[in-house]
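Below is one structure, written out as structure tokens, with a few remarks after it.
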There are 2 protein chains.
Amino acid sequence: MLHVSTRGEYGVRVMIDLARHYRIGLRSLTDISLAEGLPVQYLEQLIKRLREAELVSSTRGAHGGYRLSRPPDEIRMSEVLRTLEGPIGLYSCVADDGVSVACDWDRLNHCSTRLLWSRLRSAIILTLDTMTLAELVPAETADGPAAAIVAAETN
Amino acid sequence: MLHVSTRGEYGVRVMIDLARHYRIGLRSLTDISLAEGLPVQYLEQLIKRLREAELVSSTRGAHGGYRLSRPPDEIRMSEVLRTLEGPIGLYSCVADDGVSVACDWDRLNHCSTRLLWSRLRSAIILTLDTMTLAELVPAETADGPAAAIVAAETN
DNA sequence: CGCTATTCCGACTAATTCGCTCAGATATAC
DNA sequence: GTATATCTGAGCGAATTAGTCGGAATAGCG
């Protein structure tokens, strides 16, 4: 249950890649695609959302590419995932902002499951709100050939 | 994102219904279906899982039905949702038990998203582990004359 | 016994979502 | 003006979801 689709997984991966290159300059999708082993044309769809949410900005044309609109430590993972996968709500009667919405069950009797989804949602939002992109970027990964291999263990 | 399917929603709802009737006796699926406004034949599929996981027990034949195998306060919501929707894992490289599994990304470079899914999973499991069916049963919600007595003595 | 209420079981299906691919249009450095 | 990019929309096969359908097995009751 509660599984994240490749939109979320790939999208976060793209954001991490951009975070690693934040101070270096523009990064093209084909480079990201090669580095991460993901299909370019699929990434185009994903990064479109990220651009529209102004999490990344783009430069068109030759030697163009993408970069983060803000420093990695100012981008919360909740923003990223909301952008990629839509509002964080487990069931219709608890909206993303935590507000209880009247649902079909309220007509019949009180919506008995609302407390469950509400608590679960709070736990998820809290976790994602207190986590930034910067935490997912290995500190010493300064993009050399061997840099990726040296990536620190984080578990 | 992270939305729960009707399997989870309906299944939890069935469990809550059974919890409300825990001390009364057997409860048939058609009764549950009418009370909760859910399609019987779909519920049959769901309750099959719950039975196989020994969360509910059944009695066949006329005047048969279902009941919880354990008192509501001994049934954790994590068990219920795992049974209904499968293992609680957000992405393939973090299993339900929290163990990190080698994934495709480890070949390329360190799996950069693992920390994210790992933390999120922990928050979800913690929430579900510390919540029991009993917490979702409204105290005064009881139908039938015998139910009022139950409500009075259990709360 | 026969009738009825109930659980049990497997197959089928329509609609939706997922994970892409394809074919281009548009913009910019050189 | 050409190569390199970002953009855009459409399509598409596989999987999942949310059920339905049809019937078999079991048990109480008169």
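Convention: sequence-line order gives letters A, B, ...; per-chain numbering from 1.
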- Task: Apply salt bridge (charged side-chain N to carboxylate O under 4.0 Å, His left out) to Glu85(B) and list each qualifying residue two or more places apart in sequence or on a separate chain.
- Result: none

- Show the numbers, then the answer: is there a side chain to side chain contact (heavy atoms under 4.5 Å, CB included) between Asp129(B) and Ile125(B)? CA-CA 6 Å; Asp129(B) 269 349; Ile125(B) 302 266; 3.4 Å; yes

Protein-nucleotides 23-25 of chain D N/O pairs under 3.5 Å:
unit_1  : atom_1 : unit_2   : atom_2 : d
dA25(D) : N3     : Arg60(B) : NH2    : 3.0

- Task: Apply side chain to side chain contact (heavy atoms under 4.5 Å, CB included) to Leu120(B) and Leu128(A), showing your working.
- Result: CA-CA 7 Å; Leu120(B) 203 48; Leu128(A) 294 178; 3.9 Å; yes

- Message: Nearest 0.5 Å, please: how far is CE in Met15(A) from CG in Leu50(A)?
- Response: 5.5 Å

- Task: Look at the rings of Trp105(B) and Tyr10(A) and say which category their plane angle falls in: under 30° parallel, 30 to 60° tilted, over 60° perpendicular.
- Result: perpendicular

- Query: Taking atom CG of Leu26(B) and atom CD1 of Ile24(B), what is their separation to the nearest 0.5 Å?
  - Reply: 11.5 Å

- Separation of dT17(D) C1' from Tyr42(B) OH (nearest whole Å): 6 Å

- Note on the structure: When Ala62(B) and Glu85(A) are each assigned the nearest nucleotide of DNA chain C, the 5'-most assignment goes to Ala62(B)

- Item | Under-4.0 Å side-chain N/O to phosphate OP1/OP2 contact, Tyr10(B) with dG19(D) | yes

- Query: Taking the side chain of His63(B) as its heavy atoms from C-beta onward, which of dT6(D), dC29(D), dT4(D) lies nearest to it?
  - Reply: dC29(D)

- Item | Range on DNA chain C touched by chain A - first to last nucleotide, heavy-atom distance under 4.0 Å | dC18(C) to dC30(C)

- Short side-chain donor-acceptor distance under 3.5 Å, Thr83(B) and Arg49(B): no

- Note on the structure: In numerical order, the residues of residues 45-52 of chain B whose heavy atoms come under 4.0 Å of DNA chain C are Gln45(B), Lys48(B), Arg51(B)

- Task: Measure the distance from CG on Leu29(A) to C1' on dT4(D) and round it to the nearest whole Å.
- Result: 13 Å

- dT17(D) P sits how many Å from Tyr91(A) OH, rounded? 13 Å

- Query: Quick one: is Tyr66(A) getting a side-chain N or O under 4.0 Å of the dC7(D) phosphate, OP1 or OP2?
  - Reply: yes

- Query: Rounded to the nearest Å, what distance is computed from the CG atom of residue Leu26(B) to the C1' atom of nucleotide dA27(D)?
  - Reply: 12 Å

Sequence neighbours excluded and cut-off under 3.5 Å, please list the side-chain donor-acceptor pairs for residues 62-75 of chain B, or say none.
unit_1   : atom_1 : unit_2   : atom_2 : d
Ser69(B) : OG     : Glu54(B) : O      : 3.2
Ser69(B) : OG     : Leu55(B) : O      : 3.4
Ser69(B) : OG     : Val56(B) : N      : 3.4
Arg70(B) : NH1    : Glu74(B) : O      : 2.9
Arg70(B) : NH1    : Glu79(B) : OE2    : 3.4
Arg70(B) : NH2    : Glu79(B) : OE1    : 2.8

- Message: Under the salt bridge (charged side-chain N to carboxylate O under 4.0 Å, His left out) definition, can you give me all pairs with a residue in residues 110-121 of chain A, not counting sequence neighbours?
- Response: Asp106(A)-Arg114(A), Arg119(A)-Glu135(B)

- Message: Can you tell me how far apart CZ (Arg13(B)) and OG1 (Thr6(B)) are? Round to the nearest 0.5 Å.
- Response: 11.5 Å

- Query: What closest approach, in Å, do Ala123(A) and Thr127(B) show between heavy atoms, and which atom pair accounts for it?
  - Reply: CB-OG1, 3.2 Å

